[in-house]
Every structure is written in C-alpha cells, then in structure tokens.
Amino acid sequence: MKELREQNMKLTETNDKLSSEIRVLKIKVDELEQKTLEKVIEIMGVPLIQNEDCKNTVKGMISKLNIECDVVKAYRISSKQKTDTKIIAWLSDTNAKNNSKEKQIDSKSIPKRLAYIENIY
C-alpha cells in the first residue's frame with residue numbers, strides 16, 4: 001500500500017510539472033502566432049477577377065493609399081457566396097499595416113473597385 005501511495009505521489013508531481021510546461025508552451029505558441037500576424041492585413045470588397053494575381057492587386061491598392069511597402073504574398077479566401085471573398089496579404093513592414101488600418105479606397109481612384117483594408121486580428 002505504501003508503494004502505491006509513493007507511486008501516486010510521483011505521478012501527481014509529474015502530472016503537475018507537465019501541466020505547467022503545457023501552460024508555458026501555450027503562451028509561447030500564442031505569442032508566436034501574434035508575431036506572425038503582425039504584418040497580415042485582410043482586404044474585403046475586391047471583386048473577383050479571372051486569372052487574378054492577388055499580390056499585384058494588393059500592390060496597386062497600397063500604392064493608391066500612398067503607403068510604401070512590399071507585399072510578401074497574398075491570396076484570396078473564398079466564401080460560400082463567390083461574391084463575398086477576402087484577400088489576405090502579408091506586408092513587409094508592420095508600419096505599413098498600421099498606416100493602412102481602417103483606410104477606405106474611393107471607387108473613383110480604382111475603377112470598378114471599392115476595398116476596405118483592416119487588421120486581420
């Protein structure tokens with residue numbers, strides 16, 4: 001019986017240590033995810049174009065906003081309704097994301113397009 005109690009105590013200690021490590025790892029993963037998303041923007045309301053290059057579309061938009069930044073990559077996320085899609089873009093600079101936040105592009109400045117850029121998270 002004494003051996004079972006000792007074994008139970010050891011298992012409890014090990015479990016507590018592992019639980020603590022898991023909490024620390026979860027915090028680290030969350031921090032890494034947030035750091036990864038520092039340069040990500042979401043663009044809504046851009047009409048879908050056949051054979052579209054999302055990266056070039058985003059470059060055109062940020063140049064219309066007078067924001068100096070390179071677009072690392074961009075892609076479109078489809079929804080159930082094909083008319084309501086979003087473009088997700090990774091910018092080279094976090095300042096560019098902050099400068100683009102909540103800016104509206106007038107449809108006259110980009111023919112047949114009206115876009116809204118916001119932080120993804």
Side-chain angles (χ1 to χ4, degrees):
M1 194 69 164
K2 185 177 180 180
E3 289 177 24
L4 285 174
R5 282 187 195 139
E6 287 178 16
Q7 187 178 15
N8 188 23
M9 287 179 64
K10 287 180 184 180
L11 289 173
T12 302
E13 282 180 27
T14 304
N15 189 21
D16 289 343
K17 286 179 184 178
L18 291 172
S19 294
S20 177
E21 286 180 28
I22 288 171
R23 278 192 292 278
V24 169
L25 290 172
K26 283 182 178 182
I27 291 169
K28 286 182 180 182
V29 167
D30 187 47
E31 288 171 355
L32 288 171
E33 285 176 346
Q34 292 302 314
K35 185 151 181 76
T36 301
L37 295 173
E38 283 179 349
K39 299 177 184 180
V40 178
I41 60 171
E42 179 181 274
I43 306 169
M44 299 179 289
V46 180
L48 186 61
I49 301 170
Q50 247 182 0
N51 301 322
E52 171 182 55
D53 181 358
C54 290
K55 191 173 176 179
N56 286 335
T57 302
V58 174
K59 283 181 182 179
M61 291 175 152
I62 63 174
S63 70
K64 290 286 184 181
L65 292 170
N66 297 319
I67 298 171
E68 295 293 322
C69 180
D70 288 329
V71 179
V72 177
K73 65 180 175 178
Y75 60 89
R76 191 176 285 271
I77 296 178
S78 298
S79 66
K80 291 179 183 176
Q81 297 112 358
K82 295 291 182 186
T83 57
D84 185 29
T85 61
K86 299 175 185 177
I87 294 177
I88 305 298
W90 276 258
L91 306 178
S92 63
D93 185 12
T94 57
N95 292 329
K97 178 180 176 177
N98 295 333
N99 292 337
S100 69
K101 190 176 181 181
E102 302 291 328
K103 286 196 176 182
Q104 193 105 23
I105 300 173
D106 184 33
S107 59
K108 294 173 187 169
S109 66
I110 297 180
K112 299 181 183 178
R113 292 187 176 176
L114 179 65
Y116 180 73
I117 301 176
E118 67 176 22
N119 289 330
I120 190 168
Y121 293 96

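Nothing fancy with the numbering, it's 1 onward along the sequence. Every heavy atom of this structure was used, including side-chain atoms; hydrogens, water molecules and symmetry mates were not.
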Supply the atom-to-atom distance Cys54 SG to Met61 CE, rounded to the nearest 0.5 angstrom.
9.5 Å

I need the single residue from Val46, Thr57, Ile88 that forms a side-chain contact (heavy atoms from CB on, under 4.5 Å) with Arg76. Which is it?
Val46

What residues form a side-chain contact (heavy atoms from CB on, under 4.5 Å) with Glu33, not counting sequence neighbours?
Val29, Asp30

Strictly by ring-ring contact (aromatic ring centres under 6.0 Å, His included), give each pair with a member in residues 17-38 just once, sequence neighbours left out.
none

Quick one: closest heavy-atom pair of Val71 and Lys55, and the distance?
O-CE, 2.8 Å

Co-membership, hydrophobic cluster, residues Leu32 and Val24, 4.5 Å side-chain:
no

Just checking Glu6: does its CD atom have more than 12 heavy atoms from other residues, nucleotides or ligands closer to it than 6.0 angstrom?
yes

Hey, could you give me the CD1/CD1 distance between Ile27 and Ile22, rounded to the nearest 0.5 Å?
12.5 Å

Pairs of donor and acceptor atoms involving the side chains of residues 7-15, under 3.5 Å and at least two apart or interchain, shall be tabulated with distances.
unit_1: Thr12; atom_1: OG1; unit_2: Asn8; atom_2: O; d: 2.8
unit_1: Thr14; atom_1: OG1; unit_2: Lys10; atom_2: O; d: 2.9

Validate the cation-pi geometry between Lys39 and Trp90: distance from NZ or CZ to the six-membered ring centre under 6.0 Å, angle to the ring axis within 45°.
no

Side chain to side chain contact (heavy atoms under 4.5 Å, CB included) for Asp70 and Leu91? Distances and angles first, verdict last.
CA-CA 6 Å; Asp70 288 329; Leu91 306 178; over 6 Å; no

For residues 16-56, pull every pair meeting ring-ring contact (aromatic ring centres under 6.0 Å, His included), keeping only residues two or more places apart or in separate chains.
none

Applying side-chain hydrogen bond (donor to acceptor under 3.5 Å, both in side chains) to Asp53 and not counting sequence neighbours gives Asn56

Mind jotting down which residue pairs meet the ring-ring contact (aromatic ring centres under 6.0 Å, His included) criterion with at least one end in residues 2-43? Sequence neighbours excluded, please.
none

